[in-house]
There are 2 protein chains.
Amino acid sequence: MPEEHHPDHAPLELEHFLPYRLSILSNAVSQAIADDYQRRFDLSMTEWRVMAVLARFDGLSAREVAERTLMDKVAVSRALAKLVEAGWVTRATHDGDKRRSVLGLSETGWAVHEVVAPMARSHERDLLAKLDEEERTWLARILDKLQPVQPL
Amino acid sequence: MPEEHHPDHAPLELEHFLPYRLSILSNAVSQAIADDYQRRFDLSMTEWRVMAVLARFDGLSAREVAERTLMDKVAVSRALAKLVEAGWVTRATHDGDKRRSVLGLSETGWAVHEVVAPMARSHERDLLAKLDEEERTWLARILDKLQPVQPL
DNA sequence: ACGTTATAGTTACACATGAAACCATTTGCA
DNA sequence: TGCAAATGGTTTCATGTGTAACTATAACGT
């Protein structure tokens, strides 16, 4: 954090620049997790996010998946194409609105989820283990305040 | 943060999953800044990072830039090609090692830097303004502990 | 000195990603 | 009803990004 005020035009010190530090940390963490399930299931991060949200909310449409994952609909469409092809997600057409799809995890989709979810949680635990209880509490609070929008 | 332990196979709640929250926050922040200088200077995030590090450390080689920005050398090579082309970065050959390049900001490069650096700092200030002093202190400490590696 | 190995940097290729165009269906409203 | 506008979703195209191959130069070991 900027302790003293540097003149605004002074060279940016990236290693103390909050957005940069967040980016480095976030990428390292997400990539470590993604590497894990990519190797085991050839599953991209966007695909995993789609599966995760369908695990919680069965029967969503593609648009609703996009809203919940904060991904754009093109990304979701492509992820779904692969997931349906792989047999991990089922897609039906909504009664009474033939545009809408009705999505859900298949049996094997659930099986994948039951392997990947613990992997993800394990990485999260490793990360949080670097903090003590007090720090974890503050982190939760700080993230709540910084979080841009929190869509359900 | 996980308050009670869910069974490991229970559906992941993305909105409480730390790596996911970090990713959303980080992307939102970095993208907001990048949008700003992309519109004004047609400058990508990787290009800006190269400029920022050259502003602080004059005369680096491409490899050293890559180390300091944590980007890979291909990304740096491409960024440099555009920056040299745009006339914002100067490139010479190292005396005594014709492989190495010697990089620095040009006059106009500095001029760009003096516009972009304040924009970046301003975004950082906006972000930190959402926290009180105590939270900022904890955040600094927490990031230090979570930070994967801290290369100079 | 000379061949092997390592290093700096670029190029080529394959793949991911986002914006805009597009098709099908449904909704709103005259 | 019927037609314009909106919505769900896919496809297209242009661009970005990472991996591996490649070129040029330098360092190392004999």
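Computed from a predicted structure; not experimentally measured. Throughout, protein chains are lettered first and strands after them, A, B, ... in sequence-line order, and every chain is numbered starting at 1. We use all heavy atoms of the structure for the numbers below, so side chains are in, but hydrogens, waters and symmetry mates are not.
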First encountered from the 5' end of DNA chain C, between L103(B) and K82(A): L103(B)

Interatomic distance, [X] [atom1] vs [N] [atom2] [rounded to whole Å]:
X: H94(B); N: dT7(C); atom1: NE2; atom2: P; value: 16 Å
X: E85(A); N: dT10(D); atom1: CD; atom2: C1'; value: 16 Å
X: R63(A); N: dT25(C); atom1: CZ; atom2: P; value: 19 Å
X: M45(B); N: dT17(C); atom1: CE; atom2: C1'; value: 14 Å
X: D72(B); N: dG16(D); atom1: CG; atom2: C1'; value: 12 Å
X: L80(A); N: dA16(C); atom1: CG; atom2: C1'; value: 16 Å
X: L83(B); N: dT10(C); atom1: CG; atom2: P; value: 12 Å
X: Q38(B); N: dG18(C); atom1: CD; atom2: C1'; value: 12 Å

T108(A)/V112(A) under side chain to side chain contact (heavy atoms under 4.5 Å, CB included): CA gap, chis, key distance, verdict: CA-CA 6 Å; T108(A) 50; V112(A) 170; 5.6 Å; no

Tell me what [X] touches on the nucleic acid: a base, only sugar-phosphate, or nothing, going by heavy atoms under 4.0 Å.
X: K73(A); answer: base
X: S101(B); answer: sugar-phosphate
X: S61(A); answer: sugar-phosphate

Using the side-chain heavy atoms of [X], tell me which of these nucleotides is nearest: [options].
X: R99(A); options: dG9(C), dT10(D), dA6(D); answer: dA6(D)
X: D97(A); options: dT25(C), dT17(C), dG18(C); answer: dT25(C)
X: R78(A); options: dT12(D), dG9(C), dG9(D); answer: dT12(D)
X: K98(A); options: dT19(D), dG9(C), dT25(C); answer: dT25(C)
X: V74(A); options: dA8(C), dT10(D), dC13(D); answer: dT10(D)

Derivation of the salt bridge (charged side-chain N to carboxylate O under 4.0 Å, His left out) call for R21(B) and D144(A): CA-CA 9 Å; R21(B) 299 188 69 189; D144(A) 281 338; 2.9 Å; yes

S77(A) side chain near dG9(D) phosphate (N/O to OP1/OP2, under 4.0 Å): no

dT10(D) phosphate, OP1 or OP2, under 4.0 Å from R91(A) side-chain N/O: yes

W88(B) and F41(B) aromatic ring geometry - parallel, tilted or perpendicular at 30°/60° bounds: perpendicular

Test item: side-chain donor near acceptor, E64(B) and S61(B), under 3.5 Å: yes

F57(A) reachable from V50(A) in the ILVMFWY side-chain graph, under 4.5 Å edges: yes

